[in-house]
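In this chain, numbering begins with 1 at the start of the sequence shown. Everything quoted here is computed from the prediction, not taken from an experiment.
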Amino acid sequence: MTTPIRRLPRRMPGWAKALTAVVAVLVVMFAGIRLSLLPGLRDFFGTETHDRSGPALLKSIQDMSRYEAASGTFQVVVDLEKDAKYLPDALRGTRTLYVGAGTVDAYVDLGEVDDKDVTVDDARTSATLRLPHARLGTPALDPDSSYAVSKQRGLLDRLGDLFSDNPNSEQAVQQLAVRHIADAAKESELTARAETNTTGMLQGLLRSLGFKEVRVSYGS
């Protein structure tokens with residue numbers, strides 16, 4: 001009696017397993033998209049957003065003596081390009097076109113005014129004030145009005161984003177936008193407008209208190 005030969009099942013090659021897995025994923029994704037378009041099944045494949053943030057904690061309180069006298073709104077287009085020295089841009093390199101919008105406040109620090117900087121005559125009808133020059137605050141970038149117009153990345157940069165905790169980070173262009181906005185504020189007449197507004201505020205306040213002549217100067 002001849003014993004039948006038992007044939008072992010043929011193993012699927014590795015490349016075939018990988019191809020089968022990719023096809024299965026595509027089929028599931030395609031089916032999910034098709035089913036999500038059907039009435040009643042969209043919520044099954046939809047996403048939900050849950051805010052699980054903790055309460056905000058107060059870290060410190062600081063008394064302010066600044067008079068915010070003027071505010072300027074600025075917009076800058078940042079074109080930031082990073083290239084590899086010996087590799088083509090298609091392989092390694094990034095270029096981001098970013099529109100940054102933000103505000104800069106100009107203020108006069110009234111906390112620096114001392115007794116010697118204020119002179120009042122005996123009749124209390126004339127007052128002379130010497131104030132420090134107006135200064136510029138830190139630029140504040142508006143996230144609702146700032147956005148990336150385009151992003152170009154090389155192949156290696158795209159692969160690196162797959163293993164990055166913060167892919168497509170815009171921190172570099174945002175910092176550059178803040179720097180350009182700060183430079184634009186320095187070249188503007190924002191501090192001069194702040195001093196003019198501060199003078200008008202103090203003159204109106206002191207005249208309402210009975211002073212007929214109010215002189216305001218700026219400088220150390």
Is V77 close to L97 at the side-chain level, that is, under 4.5 Å between some pair of heavy atoms?
yes
How long is the gap from CG on D117 to CG on L129, to the nearest 0.5 Å?
8.5 Å
Within the 3.5 Å criterion, strictly below it, is a donor on D142 or T103 matched to an acceptor on the partner's side chain?
no
Should we count CZ of R124 as having more than 12 external heavy atoms under 6.0 Å?
no
In terms of heavy-atom contacts, does CD of E189 have more than 12 from other residues, nucleotides or ligands at under 6.0 Å?
no
Which heavy atom of Q203 sits nearest to which heavy atom of V214, and what is that distance?
NE2-O, 3.2 Å
When every non-hydrogen atom of D105 is compared with those of S71, the smallest separation belongs to OD1-OG, 2.8 Å
So which heavy atom on P139 is nearest to which on I181, and how close?
CB-CG2, 4.1 Å
Candidate pair T96 and V78, rule side chain to side chain contact (heavy atoms under 4.5 Å, CB included), full reasoning:
CA-CA 8 Å; T96 304; V78 177; over 6 Å; no
Might you work through the side chain to side chain contact (heavy atoms under 4.5 Å, CB included) test for H133 and E195, ending with a clear yes or no?
CA-CA 7 Å; H133 282 293; E195 293 182 359; 2.9 Å; yes
Would you give the length of the straight line joining atom OH of Y147 to atom OG of S145, rounded to the nearest 0.5 angstrom?
9.0 Å
Note, Y218 side chain near T199 side chain (heavy atom, < 4.5 Å)
yes
If you apply the rule side chain to side chain contact (heavy atoms under 4.5 Å, CB included), what do you find for R66 with V108, and how did you get there?
CA-CA 6 Å; R66 298 178 178 180; V108 176; over 6 Å; no
If I compare all heavy atoms of A127 with all of L206, which pair ends up nearest, and what's the gap?
CB-CD1, 4.3 Å
Assess the residue pair V118 and T128 against the criterion (side chain to side chain contact (heavy atoms under 4.5 Å, CB included)); give the C-alpha distance rounded to whole Å, side-chain angles, the decisive distance to 0.1 Å, and a yes or no.
CA-CA 6 Å; V118 180; T128 302; over 6 Å; no
Assess, by modelled atom type and distance only, whether the side chains of T198 and Y107 contain a donor and an acceptor separated by less than 3.5 Å.
no
Any side-chain heavy-atom pair of F211 and S126 under 4.5 Å
no
So, for L136 and A106, which heavy atoms are closest and what is the spacing to 0.1 Å?
CD2-CB, 4.1 Å
Could you tell me whether E112 and R135 make a salt bridge, using a distance below 4.0 angstrom between a side-chain N and a carboxylate O?
yes
If you define the side chain from C-beta out and look only at heavy atoms, does anything of H180 sit under 4.5 Å from F74?
no
Are the side chain of N197 and the backbone N or O of M201 linked by a donor-acceptor pair below 3.5 Å?
no
Regarding R215 and E213, does a basic nitrogen lie under 4.0 Å from an acidic carboxylate oxygen?
yes
Path from V113 to V120 over hydrophobic side-chain contacts below 4.5 Å:
yes
In Å and rounded to the nearest 0.5 Å, what is the CD to CD distance from Q171 to Q175?
4.5 Å
Do you know which two heavy atoms are closest between D109 and S65, and how far apart they sit?
OD1-OG, 2.7 Å
Can you check whether V178 reaches Q174 side chain to side chain, under 4.5 Å on heavy atoms?
no
Strictly by modelled atom types, are R130 and S217 linked by a side-chain donor-acceptor pair under 3.5 Å?
no
So do L202 and L131 actually touch side chain to side chain, heavy atoms under 4.5 Å?
yes
